[in-house]
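Letters A, B, ... mirror the listed sequences (proteins, then strands); counts begin at 1.
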Amino acid sequence: MLDRYNFNEIEKKWQRRWEEQGLFKTREDESKEKYYLLEMFPYPSGKLHMGHVRNYSIGDVVARYMRMNGYNVLHPMGWDSFGLPAENAAVMNGVRPDVWTRENIGEMRGQLKRLGLSYDWDREVATCEPAYYRWMQWIFIRFFEKGLAYKKKNPVNWCPSCETVLANEQVVDGVCDRCGSVVGKKELEQWYLKITDYAERLLEGLDRLEGWPGKVKLMQKNWIGRSVGAEVDFALEGFPEKLRIFTTRPDTLYGATYMALAPEHPYARKLISGAAREKAADEFIGKLQLLSDIDRTAATLEKEGVFTGSYAVNPLNGAKIPVYIANYILADYGAGAIMAVPAHDRRDFEFAVKYGIKIIPVVDPEDPEIDIQNLKEAFAAEGKMINSGRFNGLSNKECAVKITEYMEQEKIGKKSINFRLRDWLISRQRYWGAPIPMIHCEKCGWTPEKEENLPVLLPSDVEFTGKGESPLTASKTFRETACPRCGGAAERETDTMDTFLDSSWYFLRYTDAKNTEEPFGKDRAKYWMPVDQYIGGVEHAILHLLYARFFTKFLFDSGLSPVEEPFTKLLTQGMVLKDGGKMSKSVGNVVSPEEIIEKYGADTARLFILFAAPPEKELEWSDTGVEGSYRFLNRVRRLVYGLSDRVKDAPGAYETKTPEDWKMDYALNYAVKKVSEDIGGRFSFNTAISAVMEMVNALYRYREYESADPGLLKAAVDKLILLLSPFTPHICEEMWAHTGHGGSVLNAEWPSCDEAALVMDRVEIVIQVNGKVKERIEVENGLSQDGLIRAATENAKVRKLLDGKSAARIVAVPGKLVNIVIS
RNA sequence: GCCGGAGUGGCGGAAUUGGCAGACGCACAGGACUUAAAAUCCUGCGGUCCGUGAGGACUGUACCGGUUCGAUCCCGGUCUCCGGCACCA
């Protein structure tokens with residue numbers, strides 16, 4: 001046990017020293033190139049989990065590497081500290097959300113320090129602190145002023161027994177998952193941010209994000225969901241109004257055999273004729289309102305509808321087509337109404353079959369296997385137009401263009417683009433969030449709080465019962481106020497903001513975290529932004545990353561952000577698994593960071609988590625693997641300490657004389673090159689570490705030689721410590737000091753690679769016969785193709801293999817191989 | 001259903017531009033040291049077969065096929081797993 005190093009003592013010692021020396025402090029230094037490295041800040045749930053350790057270990061390696069390469073690195077940390085768990089803790093344990101949250105932050109900050117992460121804690125932000133949410137509210141008001149924050153009445157899930165709004169996830173089978181009552185819909189006024197105004201730019205911007213994983217960009221693209229089509233107005237028999245629909249298939253207009261409206265469509269009730277129909281329609285609409293949005297929009301829900309008794313007129317051919325109300329039409333997409341073309345749409349087909357509605361094919365697949373007159377399923381692919389009057393014979397793609405042009409001429413319809421992206425509902429009927437800084441006055445309507453009165457503070461005279469509406473509604477001191485415009489009695493908004501708003505601009509706040517005059521100074525933001533590298537879990541691929549992009553674009557338009565896209569490069573790290581599954585309390589397979597640090601130290605924990613898998617992949621936790629990482633660190637330490645006497649007074653330079661020297665020099669420089677590329681270039685930390693391991697193995701062999709050059713040994717030891725230091729900083733500081741260096745490894749210069757050492761005099765060449773390796777020969781480096789061919793064909797073994805046969809072809813690749821093809 | 005991604009030893013993984021498959025580590029086995037164990041150090045480690053032996057032959061990157069002198073890598077098809085979206089007209 002004496003041989004195993006005392007990580008506890010070493011790590012505490014260096015952490016103390018780093019803190020005392022302010023080693024991680026960032027300075028605005030225009031003379032150096034900046035590098036802004038950011039990891040997604042955590043929710044202060046109480047303790048770190050392995051996912052955090054992974055996320056922040058990855059970040060710290062990059063931060064330290066960039067520092068050592070001379071960059072001025074901004075590497076901040078903070079807390080996404082508003083949110084429901086704090087409120088739940090208040091309900092369950094009676095501890096105030098702010099107290100609970102601050103305690104957790106204290107605990108987790110300690111854990112982060114215990115991991116030796118190089119954060120500049122002077123820039124720490126916590127979104128729940130008034131100093132932060134003041135500017136959150138300020139930014140909200142900017143949205144309001146630009147007309148991008150608005151209040152709209154919309155149906156939301158409402159549990160009559162708990163008297164609260166429920167998230168869709170809290171409604172299971174139409175029933176409240178807490179109390180079991182049937183959940184209804186309630187029209188509630190909610191605040192929205194008009195992210196849809198930015199849909200086109202959010203989509204376009206993706207193309208320029210070359211440093212983002214394609215997967216994330218694709219997910220965002222699908223989420224934004226741009227579709228190009230046409231708006232068409234249908235006349236309604238007996239009504240002056242026109243019925244507007246959106247379609248992506250204007251080419252199929254002649255095939256429309258019914259219309260379908262969303263139950264919430266403003267015309268839905270108006271078009272119903274006859275008492276019997278009214279009753280049926282009421283029942284139908286009533287039934288749908290009991291369903292949650294999730295169930296309503298489930299693709300598995302059987303298509304149902306009711307006929308209104310009214311008819312629409314096809315603007316192209318005058319055909320009279322029945323209007324239905326149908327459960328599969330969404331009120332808030334497109335026009336909330338469609339023309340249904342059963343022949344060429346899966347859903348319309350299903351509906352038409354059920355209600356015996358005509359099916360008119362208008363696109364001919366020109367495939368003998370498909371009987372177009374008796375379709376078994378909708379035909380949605382491409383083909384030639386039929387049954388479409390003057391458009392017959394065109395390809396359906398051409399036809400879509402032609403019909404749209406024609407409709408524009410005749411003023412029946414026009415080209416239209418629709419997005420799947422909806423406006424962002426940001427109201428939360430919760431306490432622990434930033435209050436929406438709006439005031440309602442009977443006379444003046446909604447007015448923002450005056451800037452000098454910000455922040456609108458959360459009140460402390462509240463009770464947490466977990467029942468009823470938000471505690472803010474119950475707080476008179478909070479609610480009652482004066483109208484900022486007319487001074488009359490007015491009421492504050494009692495909803496708070498979705499916490500995703502807080503995290504949509506925190507990266508800007510870090511550039512100037514203590515500013516009390518503005519959310520952040522423009523100069524500071526200009527120097528640091530954009531974030532050069534962002535690292536976090538893939539679960540944020542859509543929401544957080546889309547919202548952050550939206551905010552940044554808005555702030556850019558407002559002249560506040562210097563950039564339009566916040567994150568130049570993005571790394572989405574994989575999950576940490578145990579026994580093939582997610583670590584979870586219920587399965588009982590959680591490995592806590594604390595326990596690992598206790599047993600092996602922070603350096604081992606970091607090393608293992610970086611070595612076990614590439615960062616973007618899932619990582620399978622392995623206890624024996626951790627043991628192996630710890631063993632490796634001990635092995636390095638033994639090596640360095642064993643050599644320290646030999647290298648202490650060694651010269652700073654060396655000359656390679658023996659084959660052993662060359663090999664060692666090669667191994668050394670190869671490791672430098674590989675680690676540099678793997679950290680700085682492709683973020684492949686596992687292979688960087690294995691390169692260091694190889695170098696350690698080489699050094700173990702080399703030190704056995706009596707003739708080993710002390711200068712080379714010294715260079716190897718020094719560079720080994722430096723190469724390893726971003727991964728395991730504590731033990732490297734200790735070894736750095738032990739080998740006679742002053743100052744921190746973090747301030748040392750990153751080693752450079754001597755390319756000349758990587759050029760070997762002789763290289764091994766593989767000789768293949770018909771693509772199969774048969775022999776290896778050593779030749780001088782740089783031997784030409786002809787030389788290689790000669791060397792290969794003269795080789796005794798190869799001649800024997802050829803057995804007198806002549807080669808049909810010989811391919812020679814200098815430095816690599818010779819392939820002899822015989823028939 | 002649609003859209004992505006991935007399948008390599010007992011395991012985690014490597015092979016960066018089409019050129020030696022399995023780096024590095026874990027596990028395992030054998031050896032050295034030790035009274036013994038642990039620790040450490042050394043050796044072996046895809047499969048099948050041949051050879052007393054040094055060594056050699058064949059085969060092998062989910063499966064089938066293609067392109068190529070040469071394929072883990074490119075193309076076509078199949079299977080499996082994972083992820084995202086899911087009535088978006």
Side-chain angles (χ1 to χ4, degrees), chain A residues 1-4 213-223 225-227 229 245-249 252 260 262 294 296-303 326-330 332-341 344-348 350-351 418-422 538-539 541-542 574-575 608 611-614 616-629 631-632 634-635 638 674 677-678 681-682 684 686-697 700 764-776 807-813 815-822:
Chain A
M1 212 55 196
L2 274 174
D3 274 350
R4 312 206 114 194
K215 182 188 171 181
V216 173
K217 290 197 275 187
L218 194 68
M219 281 163 74
Q220 292 212 351
K221 189 180 167 204
N222 292 339
W223 186 263
R226 182 180 194 265
S227 350
I245 60 99
F246 171 74
T247 179
T248 52
R249 294 292 304 275
T252 63
I294 289 199
R296 256 296 292 285
T297 56
T300 48
L301 191 71
E302 199 191 338
K303 288 172 191 39
N327 64 349
Y328 70 99
I329 308 303
L330 305 170
D332 56 355
Y333 183 77
I338 63 156
M339 66 168 193
V341 185
H344 304 294
D345 181 279
R346 207 182 66 246
R347 297 149 300 176
D348 299 347
E350 189 188 326
F351 190 90
N418 255 283
F419 293 92
R420 176 196 227 107
L421 184 71
R422 304 296 148 81
V538 72
E539 66 274 17
I542 299 176
M575 275 202 305
F608 168 72
F611 178 61
E616 67 282 357
K617 274 193 71 170
E618 292 181 333
L619 183 151
E620 172 70 28
W621 186 267
S622 152
D623 291 331
T624 53
V626 178
E627 190 78 46
S629 293
R631 219 153 39 206
F632 171 71
N634 278 294
R635 186 169 150 82
R638 268 195 310 277
K674 177 93 176 134
E677 284 173 2
D678 282 356
R682 54 176 204 149
S684 177
N686 53 330
T687 52
I689 292 166
S690 62
V692 177
M693 288 171 168
E694 281 177 87
M695 184 198 157
V696 167
N697 292 342
Y700 259 94
E764 193 184 77
I765 295 290
V766 164
I767 303 175
Q768 300 179 329
V769 175
N770 286 343
K772 280 177 186 156
V773 181
K774 295 293 179 185
E775 176 70 320
R776 293 151 200 275
R809 183 173 174 185
I810 304 181
V811 181
V813 183
K816 292 211 165 113
L817 54 72
V818 178
N819 188 12
I820 300 169
V821 188
I822 52 177

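The residue A:K772 sits close only to the backbone: its heavy atoms come under 4.0 Å of sugar-phosphate atoms, none of a base. Nucleic acid contact class of A:L330 (heavy atoms, under 4.0 Å, all strands): base. Using a 4.0 Å heavy-atom criterion, one finds that A:I810 contacts no nucleic acid atom at all.
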**Per-nucleotide pairing state of RNA chain B [Watson-Crick or G-U, under 3.5 Å; [ ] pseudoknot-crossing; | other strand]** = (((((((..(((......[....))).(((((.......))))).(((((....)))))..(((((..]....))))))))))))....
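Among B:U16, B:A86, B:G13, the nucleotide with an atom closest to any side-chain atom of A:D678 is B:U16. Comparing B:U16, B:G13, B:C41 by their closest approach to the side chain of A:R682 singles out B:U16. For A:R420, whose side chain is taken as the heavy atoms from C-beta onward, the closest listed nucleotide among B:C85, B:A89, B:U59 is B:C85. Of all nucleotides listed (B:A86, B:C3, B:G13), B:A86 comes nearest to the side chain of A:W223. Distance from the side chain of A:I338 is smallest for B:A89 among the nucleotides B:C85, B:A89, B:C41. For A:A612, the listed nucleotide lying nearest its side chain is B:G12; candidates were B:A89, B:U59, B:G12. When distances are taken from the side chain of A:K617 to each of B:G13, B:U16, B:C87, the shortest belongs to B:G13.
Residues forming a side-chain hydrogen bond (donor to acceptor under 3.5 Å, both in side chains) with A:E620 (at least two apart in sequence, or on another chain): none. Contacts of A:T687 classified as side-chain hydrogen bond (donor to acceptor under 3.5 Å, both in side chains), with partners at least two apart in sequence or in another chain: A:D678, A:R682, A:S684. The ring-ring contact (aromatic ring centres under 6.0 Å, His included) search around A:Y333 returns none, not counting sequence neighbours. In terms of the side-chain hydrogen bond (donor to acceptor under 3.5 Å, both in side chains) criterion, A:R420 has no residue partners (sequence neighbours excluded). Annotation: side-chain hydrogen bond (donor to acceptor under 3.5 Å, both in side chains) contacts of A:D623 (sequence neighbours excluded): A:W621. Residues that satisfy the side-chain contact (heavy atoms from CB on, under 4.5 Å) test with A:R776, not counting sequence neighbours, are A:E764, A:V766, A:V773. Residues satisfying the side-chain contact (heavy atoms from CB on, under 4.5 Å) criterion with A:R346, sequence neighbours excluded, are absent altogether.
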**Request:** Going 5' to 3' through nucleotides 18-25 of chain B, assign each nucleotide B (protein heavy atom under 4.0 Å from a base atom), S (under 4.0 Å only from sugar-phosphate atoms) or - (no protein heavy atom that close).
**Result:** -BBS-BBS
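B:G18 and B:C69 have their C1' atoms separated by 12 Å, given to the nearest Å. Taking the P atoms as reference points, B:A89 lies 26 Å from B:G83, given to the whole Å. The same atom, C1', is picked in B:G46 and in B:U8; the two are 10 Å apart, to the nearest Å. For the C1' atoms, the distance from B:G22 to B:U59 is 15 Å, rounded to whole Å. Between B:C42 and B:U80, the two C1' atoms lie 42 Å apart (nearest whole Å). Look at the P atom in both B:G4 and B:C74: the space between them is 16 Å, to the nearest Å. One C1' atom belongs to B:G65, the other to B:A71, and the distance between them is 14 Å to the nearest Å.
Between B:C2 and A:K221, no contact under 4.0 Å exists linking OP1 or OP2 to a side-chain N or O. The shortest distance between the side-chain N/O atoms of A:T624 and the OP1/OP2 oxygens of B:C11 is not below 4.0 Å.
Side chain of A:D348 to main chain of A:V341: a donor-acceptor pair is present (N/O by atom type, distance under 3.5 Å, no hydrogens or angles).
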